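Report on one structure; see the data block that follows.
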Amino acid sequence: MGKEQKNKPHKAGRNAGVGRRQKFKESKEMRVSVKASGVSGGRADRQNCGRVARALQRQRVSEARRQESHAAPKVVMVLSMSDNVSASSLLKWMREHGASAGLGGGKEEADTEMVEEPPPLGCSGVPTMRGCPTQKRGGGGTMRASFLTPDRSDLLACLEACKVSDTVILLCSPGSQVDPGLATTLAALRVQGMPPACVVLMGVSSGATLHVKAAAKKHALLQVELFAQDPRVLLVNETQDCAELWRHLTSQRAYQPVWRTTRPYVLTEQLKFQKGASETGTLLLTGYVRGATLSVNQLVHLGGLGDFQISQIDGVDEPCASSARHIGAGQQASVVLARPTEDQDLLVVENTVDPLAGEQTWPTEEEMQEAEAGAEEREKRMKKVPKGTSQYQASWIIDSDSEAEAEGEGNSEGEDMMADVEQTKEAALGVSEDKVDEIEEEEEDGDGDGDGEEDEKEMEVMKAELKEVMERRRQQREQEDMEYPDEMDTPLDVVARIRFQKYRGLKSFRSSPWDPREALPREYSRVFAFASLRRAASRALQRQAERARDPAAIHPGTYIRIHIANVPSAAMLRWMAHTSPSDASTAANSASSSASTSPRVLCGLLAHESKLSVLHFGITKSSTYQAPVKSKDPMTISVGFRQISGRPIFSSDSPNSDKHKYERYLRPSASVASLYAPITYPPAPVLGFTCPSSSLPSSPASPALVFSGGLRGPDPDRVTLKRIILSGVPHKVHKRKSVVQFMFHTPEDVRYFRPLDLW
């Protein structure tokens with residue numbers, strides 16, 4: 001007999017392939033045992049439990065849809081990618097094609113029309129539209145959207161609009177290219193956290209072939225693929241495209257970051273300022289509550305103005321309600337919803353300093369003996385005093401020799417400082433002192449025969465040259481700091497032990513002890529510190545949740561008017577009109593008070609978020625910014641809903657050490673920026689921009705993104721040390737010793753620095 005045929009058995013168990021094992025693992029995770037489900041009994045009980053679970057799920061979905069129908073309108077930011085199309089053209093097209101888009105099908109034709117309410121007096125320019133993107137037998141599901149159209153050349157305005165937007169429309173035209181300035185803006189938006197984006201393509205003819213439309217879509221997708229994640233490209237040309245656009249905006253899920261969902265915020269739609277008897281007044285702000293629940297007892301922050309308390313909250317009718325029959329009905333009627341109680345948060349910025357809270361110790365016997373010996377020496381010192389002067393009066397008279405010496409030292413120091421300043425100016429300008437005198441004499445002797453314009457041109461040329469020289473010098477110093485970090489030459493004109501008397505020698509930068517509260521200035525006690533930041537943030541969120549359960553709390557989706565008390569009149573008028581105080585009153589009373597395209601956002605603050613502390617940010621320098629950035633340069637920093645102007649200092653990010661090295665220049669690697677600012681709980685995005693108004697040589701005309709990162713949190717006890725390394729020139733090197741020149745110039749300095757280690 002021949003051999004029997006034996007087929008190879010299928011692999012199973014641990015001998016199975018990778019795909020089969022993964023499939024078995026997924027099916028095993030989806031299965032739920034009877035014991036785990038908590039269902040006991042037979043098949044009928046399990047079926048009944050499944051029916052109950054499905055019913056609860058349907059109830060949750062219907063409740064979510066019901067809440068969406070009563071929620072605030074979606075905020076859509078429209079950003080034009082080229083000069084061929086504009087955001088206003090898209091809104092005009094949507095208004096014209098909305099009524100004839102085939103969105104009807106309901107019981108009443110008025111319920112399915114697209115409505116746009118004109119901005120009322122004092123409105124910040126937020127048009128709201130209402131459309132019906134879906135068709136059902138009983139009527140269409142209605143969606144409302146508020147459109148923000150910031151100027152694409154204004155980087156800060158685009159960032160403010162993106163903070164409150166639920167979706168972004170990138171408006172493109174066929175064959176257009178993204179501007180370099182707009183590419184920088186989109187990169188900053190992505191770093192901050194861009195919501196879901198949609199690419200709208202305008203300008204394609206209705207008679208174009210499918211191949212032409214596909215090519216246009218592909219080109220538009222290639223232009224924005226670096227800034228948006230898998231966006232959908234929509235062609236808007238015909239009437240039915242309007243319904244498709246509304247349908248996409250409805251079905252698109254909004255991205256809600258944590259820092260936005262934990263705080264309530266209001267996008268301002270109407271503004272009115274009531275001047276008081278004093279220099280302050282009351283600001284009336286109208287809009288929808290979004291994010292978390294708003295309480296009348298919590299503090300609010302208004303970008304560009306500061307932190308304030310709420311005096312009253314009124315409920316008003318919506319200008320663009322979900323049903324067309326309610327639009328414009330009773331806009332003047334208002335109902336008081338809430339007034340502050342005893343639980344209202346106090347507006348505290350700085351900590352109260354107690355001068356007697358410091359540590360007081362009784363002097364020792366040695367200190368008492370030293371004090372007595374010093375008193376005896378002072379008594380023995382002879383002074384020339386007028387006749388009849390008592391001993392007490394004589395103690396207040398300064399000796400003439402010491403006074404003359406002090407004056408001589410002060411004059412010499414002042415002369416040296418003035419000489420250093422003059423030498424610095426000459427080195428920066430590249431001209432001598434005689435040349436400067438000649439220029440001043442020419443300016444004084446000018447006879448006015450057309451020389452004024454020439455002098456102005458010469459001064460402009462000199463300023464440009466000075467700016468170039470300072471910029472080159474700044475770049476050179478940054479390069480030296482990167483090649484020889486923290487190295488410093490001992491000065492010749494000042495004794496080293498006096499020049500570096502504020503420094504301390506450390507054997508190990510990582511392990512040597514350092515008290516974080518040693519020798520702090522008295523002003524530093526005005527900042528606040530937490531014993532545990534995590535516990536403080538948890539308690540703040542718990543307090544926010546407790547206020548949300550209050551019957552007087554304002555839930556998201558409510559259209560309200562907020563009364564903000566004690567707003568400075570001068571700052572308010574400048575903020576409303578963005579003009580000088582003299583022209584602000586005229587602009588505030590006119591209909592064009594919303595000249596700025598930047599949206600005005602009011603956000604609620606959690607507990608302690610109005611108090612001053614030291615914030616730390618984990619940052620990375622932007623690859624698009626090549627100019628050197630020095631510590632203490634004036635910058636504008638965006639932290640969550642806040643925009644802070646200050647001078648941050650940079651330090652190294654050392655997670656395994658309690659001390660961090662001060663960085664004179666911002667490095668391309670990861671660093672930490674520290675700044676005096678109001679408390680903000682992490683997480684929150686951080687972006688740093690240059691100040692256009694600063695006098696720095698490398699500051700551009702418009703804000704530029706310098707760094708980006710995230711918030712670490714407030715910590716005044718974080719130690720940042722400035723390290724210096726005294727260097728010299730090796731003259732002779734032996735096996736166990738060496739001779740170094742130009743490190744010290746006096747024997748006293750050598751003996752003073754002898755305890756320090758050489759390395």
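Worth saying up front: this structure is predicted, and the values here are computed from it rather than measured.
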Q. Can you find a pair of side-chain heavy atoms, one from Arg497 and one from Thr746, that are under 4.5 Å apart?
A. yes
Q.
So Ile564 and Met572, do their side chains get closer than 4.5 Å, heavy atoms only?
A. no
Q: Indicate yes or no: at least one non-hydrogen side-chain atom of Ile313 is less than 4.5 angstrom from one of Leu294.
A: yes
Q. From Ile310 CD1 over to Asn297 CG, what is the distance, rounded to the nearest 0.5 angstrom?
A. 8.5 Å
Q.
Looking at Met488, I want to see if its CE is surrounded by more than 12 non-hydrogen atoms of other residues, nucleotides or ligands under 6.0 Å.
A. yes
Q.
If the condition is side chain to side chain contact (heavy atoms under 4.5 Å, CB included), which residues does Tyr662 pass it with, not counting sequence neighbours?
A. Ser631, Lys632, Ile649, Arg664, Thr720, Lys722
Q. For Phe707, what residues pass the ring-ring contact (aromatic ring centres under 6.0 Å, His included) criterion, not counting sequence neighbours?
A. none
Q: Look at the aromatic rings of Tyr503 and Phe500 and report parallel, tilted or perpendicular, splitting at 30° and 60°.
A: perpendicular
**Q.** Side-chain heavy-atom pair Val300, Ile562 within 4.5 angstrom cut-off
**A.** no
Q | Chi angles and distances behind the side chain to side chain contact (heavy atoms under 4.5 Å, CB included) call for Lys621, Val629 | A | CA-CA 9 Å; Lys621 188 176 180 181; Val629 183; 4.2 Å; yes
**Q.** CZ-CG distance between Arg547 and Asp343, expressed to the nearest 0.5 angstrom
**A.** 5.0 Å
Q) Is Glu471 salt-bridged to Arg474, cutoff N-O under 4.0 Å? A) no
Q: State the CG-OH distance between Asp633 and Tyr665, to the nearest 0.5 angstrom.
A: 8.5 Å
Q | Closest heavy-atom pair and its distance - Phe530, Ala536 | A | CD2-CB, 3.7 Å
Q: Quickly, which of Gln309, Arg543, Gln298 forms a side chain to side chain donor-acceptor pair (under 3.5 Å) with Asp345? Name it, please.
A: Arg543
Q.
If you compare all heavy atoms of Gly505 against all heavy atoms of Leu756, which two are closest, and at what distance to 0.1 Å?
A. CA-CD2, 3.4 Å
(Q) Within this structure, what is the CD-CD distance for the pair Glu546 and Gln544, rounded to the nearest 0.5 Å? (A) 10.5 Å
(Q) Taking salt bridge (Lys or Arg N to Asp or Glu O under 4.0 Å) as the definition, give me every residue that meets it alongside Glu483, ordered by chain and number, with sequence neighbours left out. (A) none
Show me the side-chain donor-acceptor pairs of residues 602-618 shorter than 3.5 Å, one per line, residues at least two apart or across chains.
residue: His608; atom: ND1; partner: Lys611; partner atom: NZ; Å: 3.0
residue: Glu609; atom: OE1; partner: Arg263; partner atom: NE; Å: 3.4
residue: Glu609; atom: OE1; partner: Leu606; partner atom: N; Å: 3.0
residue: Glu609; atom: OE2; partner: Arg263; partner atom: NE; Å: 3.4
residue: Glu609; atom: OE2; partner: Arg263; partner atom: NH2; Å: 2.7
residue: Glu609; atom: OE2; partner: Tyr681; partner atom: N; Å: 3.4
residue: Ser610; atom: OG; partner: Val348; partner atom: O; Å: 3.2
residue: Ser613; atom: OG; partner: Phe528; partner atom: O; Å: 2.8
residue: His616; atom: ND1; partner: Ser674; partner atom: OG; Å: 2.7
residue: His616; atom: NE2; partner: Asp715; partner atom: O; Å: 2.7

Q.
Do Glu748 and Val495 have side chains that approach each other closer than 4.5 Å (heavy atoms only, starting at C-beta)?
A. no
Q.
Tell me every residue that passes ring-ring contact (aromatic ring centres under 6.0 Å, His included) with Phe753, counting only those two or more places apart in sequence or in another chain.
A. Phe744
Q.
Surrounding CD of Glu279 (heavy atoms of other residues, nucleotides or ligands, distance under 6.0 Å), is the total greater than 12?
A. no
**Q.** Partners meeting ring-ring contact (aromatic ring centres under 6.0 Å, His included) with Phe273 (sequence neighbours left out)
**A.** none
Q) So does Tyr484 have more than 12 non-hydrogen atoms from other groups sitting under 6.0 Å from OH? A) no
Q. With Pro485, which residues qualify under side chain to side chain contact (heavy atoms under 4.5 Å, CB included), at least two apart?
A. Arg667
Q: Decide yes or no on side chain to side chain contact (heavy atoms under 4.5 Å, CB included) for Phe689 and Gln643, but give the supporting numbers first.
A: CA-CA 10 Å; Phe689 305 93; Gln643 278 193 3; over 6 Å; no
Q) Backbone N or O of Val258 within a donor-acceptor pair of the Thr261 side chain at under 3.5 Å? A) yes
Q: For Leu302 and Val567, run side chain to side chain contact (heavy atoms under 4.5 Å, CB included): C-alpha distance rounded to whole Å, both residues' side-chain angles, the deciding distance at 0.1 Å, then the answer.
A: CA-CA 11 Å; Leu302 199 56; Val567 179; over 6 Å; no
**Q.** Val289 to Ala292 - nearest heavy-atom pair and separation
**A.** CG1-O, 3.9 Å
Q.
Could you check whether atom NZ of Lys661 has more than 12 heavy atoms from other residues, nucleotides or ligands sitting under 6.0 Å from it?
A. yes
Q: Taking the side chain as every heavy atom from C-beta outward, state whether Ile724 and Asp486 have any atom pair closer than 4.5 Å.
A: no
Q: To the nearest 0.5 angstrom, please state how far the CG atom of Leu159 sits from the CG atom of Leu705.
A: 8.5 Å
Q: Heavy atoms only: give me the nearest Ala571-Leu305 pair and the separation to one decimal.
A: O-CD2, 3.7 Å
(Q) Check Asp481 with Lys630, please: is the shortest side-chain N to carboxylate O separation under 4.0 Å? (A) no
(Q) Distance check, rounded to the nearest 0.5 Å: Leu285 atom CG versus Thr268 atom OG1? (A) 3.5 Å
Q) Counting only N and O atoms by type, is there a donor-acceptor contact under 3.5 Å from the side chain of Trp575 to the main-chain atoms of Gly303? A) yes
Q: Mind checking side chain to side chain contact (heavy atoms under 4.5 Å, CB included) for Val719 and listing every partner two or more places apart, or none if nothing turns up?
A: Trp514, Pro516, Lys659, Leu721
Q.
If I compare all heavy atoms of Pro568 with all of Phe308, which pair ends up nearest, and what's the gap?
A. CD-CE2, 3.9 Å
Q.
Using the side-chain hydrogen bond (donor to acceptor under 3.5 Å, both in side chains) criterion, which residues pair with Ser511? Sequence neighbours excluded.
A. Ser508
(Q) My understanding is that only residues two or more places apart in sequence, or in another chain, count here; which of them pass salt bridge (Lys or Arg N to Asp or Glu O under 4.0 Å) with Arg190? (A) none
(Q) Please tell me whether Asn351 and Ser525 have a donor and an acceptor in their side chains that are separated by less than 3.5 angstrom. (A) no
Q: Decide yes or no on side chain to side chain contact (heavy atoms under 4.5 Å, CB included) for Arg290 and Val164, but give the supporting numbers first.
A: CA-CA 9 Å; Arg290 294 178 171 89; Val164 296; over 6 Å; no
Q. Of all residues at least two apart in sequence or in a different chain, which pass the side-chain hydrogen bond (donor to acceptor under 3.5 Å, both in side chains) check with Ser727?
A. Asp489
Q.
Could you work out, with side chain to side chain contact (heavy atoms under 4.5 Å, CB included) as the rule, every residue matching Ser654, not counting sequence neighbours?
A. Ser652, Ser657, His660
Q. With a 4.5 Å limit on heavy-atom distance, are the side chains of Pro628 and Arg477 in contact?
A. no
Q: Might you point out which heavy atoms bring Arg510 and Asn656 nearest each other, and give the distance in Å?
A: CG-O, 4.1 Å
Q.
Do Val191 and Pro685 have side chains that approach each other closer than 4.5 Å (heavy atoms only, starting at C-beta)?
A. no
**Q.** Salt-bridge present (Asp749, Arg499; N to O < 4.0 Å)
**A.** no
